[in-house]
Amino acid sequence: NKREMSRKPTQYSFSTTLTIASVHYGHIVGKEGSVIKDLRSRHNCDIKIPTDRSDSRVVVSGNTQADVDATVQDIMAIVNKDNANYHSNSSSITKVLHILTEYHSRIVGKGGKEIKAIRESTGCEITIVNENDQVIIKGPTNEAVQRAEEEINKRVKGFTDERTASEDVYTRVQNEANKHAVERTRLLEESQKAYDRGDKALGKQLKNQAKEETKLLHKVMDEGSDVIFAYHNKDLANRPELIDLHGLQGKESIRIFYEYLNRYKNLKTLKVMTGKGTHSIMHFSELKQDFREE
């Protein structure tokens, strides 16, 4: 899941991004803009279609989620009609892959680079439907469609392999942090027992040792968070306007977020990719709430 967090307030409260082949843009816009004007008027939504034909991202924004969903439904009806007409007028082969939306960005690539490469190398048309977790391949032969599917799966596998490695790093860091937390608790309990016995010197000594364990715990968490962040953001030099906070807990994300803002003070907009809350206590994304509290 990719969410945009901007320092400037946006006009609309809800938005979604569709990945649609540029071959469909003409029918979505219509003659002299008649279709897109009708969509905007009926659903009270804004529809942004890229001027760059290599860009496959169509953004729909509105004041309610219902308006956005209705607009998306109408746009996809246009795309599906195009696909049906294309299929009926040619001998093309169509295959629908069910791939989770969170993987779609890896298939598309920065500026549509990856999906463009797949299209050019296989001769297939690739349509991504974010709302239904679908990737539609249409090609001239079974062999071409199979090659396109292999290229898509290769990119998905690369993403899942990276996520598995990140999970391993997180588990190792968490286990080491837990050891320091357990030792800190033990030292504090022993310190209190010493004070209760009247041994203030030993109590103070154990309490200071507990403080050292706390420092070590925070150090491990900070270092681990930095490793995880670096792992998910290997291309920051080329795309400083986008950061990926997957695998980080709320407070860790907050720290890294503000450190990043201080590092790149000239950024007007920063897009932040957040996780689904896998590492949170309640297993839902808490990052938005954490930013509100800050």
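Just so you know, these numbers come straight off a predicted model, no measurement behind them.
No donor-acceptor distance shorter than 3.5 angstrom exists from the side chain of T19 to the backbone of I128, with no hydrogens or angles considered. Side-chain atoms of D67 never come within 3.5 Å of backbone atoms of N63 as a donor-acceptor pair (strictly under, hydrogens ignored). With T122 contributing its side chain and I118 its backbone, the two residues share a donor-acceptor pair below 3.5 Å. At distances below 3.5 Å, at least one donor-acceptor pair connects side-chain atoms of Y195 with backbone N or O atoms of K204. Judged by distance alone, with hydrogens and angles left aside, the side-chain atoms of R119 form a donor-acceptor pair with the main-chain N or O of I126 at under 3.5 Å. A donor-acceptor distance shorter than 3.5 angstrom exists from the side chain of H104 to the backbone of I99, with no hydrogens or angles considered. No donor-acceptor distance shorter than 3.5 angstrom exists from the side chain of R184 to the backbone of K211, with no hydrogens or angles considered.
In terms of hydrophobic clustering, with Ile, Leu, Val, Met, Phe, Trp and Tyr side chains grouped at heavy-atom distances under 4.5 Å, Y258 and F229 are assigned to a common cluster. The cluster map of Ile, Leu, Val, Met, Phe, Trp and Tyr, joined by side-chain heavy atoms under 4.5 Å apart, puts V59 and I115 in different clusters. One hydrophobic cluster, built from ILVMFWY side chains closer than 4.5 Å, cannot hold both M221 and L216; they sit in different ones. No chain of hydrophobic side-chain contacts below 4.5 Å, direct or via other Ile, Leu, Val, Met, Phe, Trp or Tyr residues, connects L217 to V182.
Through direct or relayed side-chain contacts under 4.5 Å between Ile, Leu, Val, Met, Phe, Trp and Tyr, L202 connects to L187, L206.
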* Start with the C-alpha distance between E114 and I107, add both sets of side-chain angles, then the distance that settles side chain to side chain contact (heavy atoms under 4.5 Å, CB included), and finish with yes or no. => CA-CA 6 Å; E114 297 299 325; I107 299 172; over 6 Å; no

* side chain to side chain contact (heavy atoms under 4.5 Å, CB included) assessment of T214 paired with H218 -> CA-CA 6 Å; T214 299; H218 289 159; 3.6 Å; yes

* Asked: When you look at Q73 and D69, which way does the side chain to side chain donor-acceptor pair (under 3.5 Å) test go after all the steps?
  -> CA-CA 6 Å; Q73 185 175 356; D69 291 343; over 6 Å; no

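For R255, the side chain to side chain donor-acceptor pair (under 3.5 Å) partners two or more places apart in sequence, or in a different chain, are D222, D226, E259. In this structure, the side-chain contact (heavy atoms from CB on, under 4.5 Å) partners of E223, at least two apart in sequence or on a different chain, are K219. In terms of the side chain to side chain donor-acceptor pair (under 3.5 Å) criterion, N142 has no residue partners (sequence neighbours excluded). Not counting sequence neighbours, S15 has no partner by the side chain to side chain donor-acceptor pair (under 3.5 Å) test.
Rounded to the nearest 0.5 angstrom, Y25 OH and I78 CD1 are separated by 13.5 Å. Atoms CD1 and OG1, from I75 and T16 in turn, are 10.0 Å apart once rounded to the nearest 0.5 Å. From R147, atom CZ reaches atom OG of S121 across 7.5 Å, with rounding to the nearest 0.5 Å. One finds the OG1 atom of T94 at 8.0 Å from the CD1 atom of I136 (value rounded to the nearest 0.5 Å).
Nearest heavy atom pair, residue Y260 against residue P240, reads OH-O, 2.6 Å. Residues C124 and G139 approach most closely at SG-CA, 3.6 Å, considering heavy atoms. Counting all heavy atoms, side chain and backbone alike, A148 lies closest to I137 at CB-CG2, 3.8 Å.
The stretch residues 18-39 participates, sequence neighbours left out, in these salt bridge (Lys or Arg N to Asp or Glu O under 4.0 Å) pairs: D38-R42.
Within the 4.5 Å cutoff, no side-chain heavy atoms of S41 are placed close to those of L39.
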